[in-house]
Amino acid sequence: MLTINLIRENSEFVINRLKVKNFNAEEIIVKILELDAQRRELQVKSDQLQSEMNRLSKEIGSLMKDGRKEEAEAAKKLTYSLKEEIKALTDRLPAVDSELRNELVRLPNLPYEKVAPGKSADDNVIIRQGGAAAALPENALPHWDLIRKYDIIDFELGIKLTGAGFPVYKGRGAKLQRALISFFLDRGESAGYREIMPPIVVNEDSGFGTGQLPDKEGQMYHVTVDNFYLIPTAEVPVTNIYRDIILNAEELPVKNIAYTPCFRREAGSWGAHVRGLNRLHQFDKVEIVQIAHPDNSYTALEEMVNHVESLVAALGLPYRILRLCGGDMSFTSAMTYDFEVWSAAQKRWLEVSSTSNFESFQANRLKCRFKEKGEKQTRLVHTLNGSALALPRIVAAILENNQTEAGIRIPDALKTYTGFDIIN
RNA sequence: GGAGAGAUGGCCGAGUGGUCGAAGGCGCUCGCCUGCUAAGCGAGUGUUGGGCGAAAGCUCAACCGAGGGUUCAAAUCCCUCUCUCUCCGCCA
């Protein structure tokens with residue numbers, strides 16, 4: 001959510017920046033400014049009346065004390081009409097407030113100055129590439145055939161237990177999952193992240209805090225009896241730790257890392273091109289989250305990108321890093337880097353990480369602020385997060401790119417975690 | 001799940017209808033003093049939304065778990081909810 005102050009003071013700037021995201025904000029902003037003026041007018045009036053009311057009440061108090069009953073009664077009569085006037089004004093306030101908020105949440109985050117305009121994924125900018133594509137034999141198999149061949153991931157069994165998109169990992173397939181999780185967490189710890197193990201169901205407030213609610217309600221599994229939601233990403237609980245919190249500037253940056261299973265209903269997005277591990281309802285992911293000082297958040301973003309890159313590189317996967325154009329960026333992001341790994345057997349790029357700076361967009365909703373030493377004023381922090389990394393597509397790429405006659409080679413960096421060097 | 005107690009500022013803790021945004025203590029910040037890992041003295045120290053101001057600042061309103069009610073007036077009385085603690089039950 002953008003701050004009302006920014007819109008009030010710089011509406012032209014906001015409109016122009018949102019054009020980079022192909023978003024026409026003019027109409028909404030006109031409405032916002034109107035509602036904001038209405039809200040303030042109501043507040044000024046009711047504050048004035050309230051002030052008068054408080055003055056009278058105090059007067060009545062001291063009159064009663066002095067035993068001047070009649071004068072007190074006279075003053076009481078004055079309050080009756082005041083009271084009604086105040087009520088008339090304050091009754092209107094919640095409606096205006098919520099209408100204003102409803103408009104505010106419709107505005108996407110402003111893209112950072114470096115973000116290129118563009119309509120679709122075709123306009124994304126390739127920042128870097130790395131890793132060599134493996135030369136595979138003609139009969140190379142896609143991962144959905146490999147997992148059957150070696151009996152390491154079982155979709156049919158998952159359907160029996162739960163439903164489509166809930167695979168069962170078996171034997172070395174399960175061990176590979178555990179190895180990747182530990183590897184990612186350990187690398188994060190070395191990079192200064194504190195490990196968090198959060199709940200994987202959250203309440204409604206948390207859903208609102210990170211913006212999953214009310215918009216993406218249908219994307220989350222909802223535990224209706226208790227009104228809890230299964231998390232779609234660790235970002236939700238880990239970022240909500242800082243909901244309604246005021247940090248000291250010296251505490252920044254806060255760097256947390258968490259492994260959690262993630263649950264996504266993916267309603268409506270199921271299709272032929274999402275076979276196998278490409279899209280699941282339940283998957284594992286290690287997420288890095290930073291709370292940064294606004295002056296340093298882009299340095300933090302670069303640092304996170306470098307960290308994610310080091311992971312992909314350590315696994316020996318061919319990858320590329322894209323800076324998303326305005327049109328391909330998410331609603332909440334100010335700047336996003338996507339990581340893709342090359343899937344040799346599918347002959348396509350698979351997105352394995354999305355690393356973004358949200359600037360103060362999330363923080364405004366979360367009410368996460370910080371205070372500079374010695375200053376009275378609070379300011380919104382900047383929040384950032386990124387996958388480091390999501391497992392399924394990494395597994396898919398490892399399986400496909402590392403297939404040999406003898407079996408699937410485990411990347412060197414993982415061997416100490418798996419305890420074996422081949423799946424056969 | 002059953003019974004009881006409670007929820008006040010960063011923390012502890014007073015406050016049961018009026019001058020309480022809230023005593024006192026701790027902590028923290030600044031200043032003074034003192035020469036020995038510390039003490040003493042003084043001052044300051046919540047959040048949010050407005051108004052005025054170039055700014056420092058001044059000022060108004062709201063907030064004592066949340067929401068509602070009674071009253072001229074509520075931290076204080078009433079109702080609902082949430083959470084915490086203790087005991088019992090169940091249990092990885």
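Order of the sequence lines fixes the chain letters, A, B, ..., with proteins taken first and strands second; residue numbering starts at 1 for each chain. Reckoned from all heavy atoms, side chains included, excluding hydrogens, waters and symmetry mates.
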Separation of [X] atom [atom1] from [N] atom [atom2], in whole Å?
X: A:Leu247; N: B:G10; atom1: CG; atom2: P; result: 14 Å
X: A:Asp91; N: B:G69; atom1: CG; atom2: C1'; result: 14 Å
X: A:Arg379; N: B:U47; atom1: CZ; atom2: P; result: 15 Å
X: A:Ile4; N: B:G50; atom1: CD1; atom2: C1'; result: 13 Å
X: A:Glu9; N: B:A54; atom1: CD; atom2: P; result: 14 Å
X: A:Asn227; N: B:C81; atom1: CG; atom2: C1'; result: 14 Å
X: A:Asp97; N: B:A62; atom1: CG; atom2: P; result: 16 Å
X: A:Asp244; N: B:C63; atom1: CG; atom2: P; result: 18 Å

Problem set entry | Residues, nucleotides or ligands: over 12 heavy atoms within 6.0 Å of A:Glu27 CD | no
Exercise. Do other residues, nucleotides or ligands put more than 12 heavy atoms under 6.0 Å from A:Glu217 CD?
Worked result: yes
Name the nucleic acid region contacted by [X], choosing base, sugar-phosphate or nothing; use a 4.0 angstrom heavy-atom cut-off, strictly under.
X: A:Lys371; result: sugar-phosphate
X: A:Ile246; result: sugar-phosphate
X: A:Arg369; result: sugar-phosphate
X: A:Ser62; result: nothing

[atom1] gap between [N] and [M], integer Å:
N: B:G21; M: B:G6; atom1: P; value: 26 Å
N: B:U59; M: B:A22; atom1: P; value: 13 Å
N: B:A92; M: B:A5; atom1: P; value: 32 Å
N: B:C36; M: B:G24; atom1: P; value: 32 Å
N: B:U45; M: B:C26; atom1: C1'; value: 13 Å
N: B:A14; M: B:A23; atom1: C1'; value: 6 Å
N: B:C20; M: B:C72; atom1: P; value: 23 Å
N: B:C58; M: B:G65; atom1: C1'; value: 33 Å

[N] - base-pair partner by Watson-Crick or wobble geometry, distances under 3.5 Å:
N: B:G31; value: B:C41
N: B:G46; value: B:C63
N: B:C20; value: none
N: B:C91; value: none
N: B:C77; value: B:G69
N: B:C85; value: B:G4
N: B:G10; value: B:C26

Between the protein and nucleotides 70-73 of chain B, are there any N/O to N/O pairs under 3.5 Å, and if so, what are the atom names and distances?
unit_1, atom_1, unit_2, atom_2, d
B:C72, O4', A:Thr79, OG1, 3.4
B:C72, O2', A:Ser57, OG, 3.1
B:A73, OP2, A:Lys83, NZ, 3.4
B:A73, O4', A:Ser57, OG, 3.3

For this session: Strictly below 4.0 Å, heavy-atom distances to any atom of RNA chain B: list the hits from residues 34-44 of chain A, or just say none.
Result: A:Arg39, A:Arg40, A:Gln43, A:Val44
For a 4.5 angstrom cut-off between non-hydrogen side-chain atoms, does [X] reach [Y]?
X: A:Leu280; Y: A:Phe155; answer: yes
X: A:Gln403; Y: A:Leu146; answer: yes
X: A:Tyr193; Y: A:Arg187; answer: no
X: A:Glu359; Y: A:Pro294; answer: no

Exercise. Using the ring of each side chain (for Trp, its six-membered ring), is A:His222 parallel, tilted or perpendicular to A:Tyr229, with breaks at 30° and 60°?
Worked result: parallel
For this session: Kindly say whether A:Gly209 contributes a backbone atom to a donor-acceptor pair with the side chain of A:Arg243 at under 3.5 angstrom?
Result: no
Exercise. Between the side chain of A:Arg265 and the main-chain N/O of A:Gly218, is any donor-acceptor distance below 3.5 Å?
Worked result: yes
For this session: Check whether any side-chain N or O of A:Arg8 sits under 4.0 Å from OP1 or OP2 of B:G50, and answer yes or no.
Result: yes
Exercise. Any salt bridge between A:Glu303 and A:Lys255, counting N to O under 4.0 Å?
Worked result: yes
For this session: For A:Asn124, check side-chain hydrogen bond (donor to acceptor under 3.5 Å, both in side chains) against everything at least two apart and list the hits.
Result: A:Asp328
What pairs of nitrogen or oxygen atoms, one from the protein and one from nucleotides 27-30 of chain B, lie under 3.5 Å apart?
none

Problem set entry | Pairs touching residues 87-119 of chain A that satisfy ring pair (Phe, Tyr, Trp, His ring centres under 6.0 Å), sequence neighbours left out | A:Tyr112-A:Tyr298
Check: protein-nucleotides 55-60 of chain B nitrogen or oxygen pairs below 3.5 Å:
unit_1, atom_1, unit_2, atom_2, d
B:C60, O3', A:Ser51, OG, 3.3

For this session: Determine the sole option in A:Asn240, A:Leu247, A:Thr239 for which the side chain to side chain contact (heavy atoms under 4.5 Å, CB included) test with A:Cys368 is passed.
Result: A:Leu247
